[in-house]
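Inspection log for the structure reproduced underneath, given as structure tokens.
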Amino acid sequence: MTLMRGRPLRAVFTVAVLALGVVLGGVATAQAASEDPRAAVKEGNVTTCEGAGLAGDILSAPADYTYTRGKDNVDQYVDILTVTPGITVTGIVVKGGDAYNLYVPGEQGLAATPPWTALRSPLVAGKNIPQISHWFVCGTKTTTTTIARSGGSTTTTATSETSTAKSSSSGGVTTTSSPAASSSSSAAGVVVTGTTGPGATAANASKLAYTGFNSGWLVGLGAALLLGGAALLFLVRMRRKA
């Protein structure tokens, strides 16, 4: 009697275990067949950021970011671990099968900052996760302008100003003066430049620019005219005496 009761109990237990297995298997199948809610499924193929509607250019690893998995035609998932400071990721494309998943940080439940793990392609025929055919990360890089100051000199990307004794600037032009100041004057297109102040000497005066005017020939001409006039007067007097 006990033996007869044990067999139905075992049969009921076996049926219950099988039913539970079928239920769990169905749940697992349903989970595996669902798309990644963090991504937007896009049909077709894409190989550029512009084609995917993303700003920036394709970034490179490990200079711009680091990752694990993600081998083309081998892995089904890719994990983005870190992003280099100054880099802003605008989106991630993971292609497999006849479509690709588009992940945008901060949208559809995807975190705004890494790590971003288990990124994958869309399902094939709504059932299987395909191997990755290719994937890429799009983003922009931030550039900065540095202003360096050293020893009284100011260097910027636009202008550079350096002063020795005393300097002033106006309209982007820097004028530098020293104890011995230089002076210049111009008239009728002729420029004469000299040095004035405590340091001025006769030697400095001799360094005045040559203007091209020489009066020596006028002195010679005057002397010749005087001699000629005296000779003419002498001849006239001699003729009168004769």
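Heads up: numbering here begins at 1 and tracks the sequence.
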For this session: Is it possible for you to say whether V104 and I58 belong to one hydrophobic cluster, with membership spreading through side-chain heavy-atom contacts below 4.5 Å?
Result: yes
Exercise. Between CZ of R120 and CD of Q76, what distance do you get to the nearest 0.5 Å?
Worked result: 9.0 Å
Problem set entry | Value rounded to 0.5 Å, distance of CD in E107 from CG in L102 | 8.5 Å
Problem set entry | Cluster companions of V41 among Ile, Leu, Val, Met, Phe, Trp, Tyr (side-chain spacing under 4.5 Å) | none
Problem set entry | Residue list, side-chain contact (heavy atoms from CB on, under 4.5 Å) with N45, at least two apart or on another chain | T47, K95, H134
For this session: Keeping to residues at least two apart or across chains, list the salt bridge (charged side-chain N to carboxylate O under 4.0 Å, His left out) pairs with something in residues 48-66.
Result: D64-K141
For this session: Just grab all the disulfide (SG to SG under 2.5 Å) pairs involving residues 57-110, residues at least two apart or on different chains.
Result: none
Exercise. Considering all heavy atoms of both residues, which atom of P105 and which atom of A112 are nearest to each other, and what is their separation?
Worked result: CB-O, 3.7 Å
Seminar exercise, completed: Across all chains, not counting sequence neighbours, the salt bridge (Lys or Arg N to Asp or Glu O under 4.0 Å) partners of D79 are R69
Seminar exercise, completed: Hits for side-chain hydrogen bond (donor to acceptor under 3.5 Å, both in side chains) against T84, two or more places apart or cross-chain, chain-then-number order -> none
For this session: Please list all pairs passing the disulfide (SG to SG under 2.5 Å) test where one or both residues lie in residues 50-107, with sequence neighbours left out.
Result: none
Exercise. Quick one: are T68 and L81 in side-chain contact, heavy atoms under 4.5 Å?
Worked result: yes
Exercise. When you measure from the side chain of D36 to the backbone N and O of R38, does any donor-acceptor pair fall under 3.5 Å?
Worked result: yes
Seminar exercise, completed: Besides L110, the hydrophobic cluster formed by Ile, Leu, Val, Met, Phe, Trp and Tyr side chains linked at under 4.5 Å, directly or via other members, contains L59, Y65, Y67, V78, I80, V83, I87, V89, I92, V94, Y103, W116, L119, I132, W135, V137
For this session: Check which hydrophobic residues are tied to L233 through side-chain heavy-atom contacts below 4.5 Å, counting indirect links as well, and list them.
Result: none
Seminar exercise, completed: For V46 and F136 the tightest heavy-atom approach is O-CE2, 3.7 Å
For this session: Identify, with sequence neighbours excluded, every residue that meets side-chain hydrogen bond (donor to acceptor under 3.5 Å, both in side chains) alongside T82.
Result: T66
Exercise. So L123 and E35, side chain to side chain contact (heavy atoms under 4.5 Å, CB included) or not? Walk me through it.
Worked result: CA-CA 7 Å; L123 298 175; E35 296 288 3; 3.6 Å; yes
For this session: Only pairs at least two apart or in different chains count here, so list each salt bridge (charged side-chain N to carboxylate O under 4.0 Å, His left out) that has a residue in residues 81-90.
Result: none
Problem set entry | disulfide (SG to SG under 2.5 Å) contacts in which one or both residues fall within residues 71-129, not counting sequence neighbours | none
Problem set entry | Closest contact, heavy atoms only, S121 versus G96 | OG-N, 3.1 Å
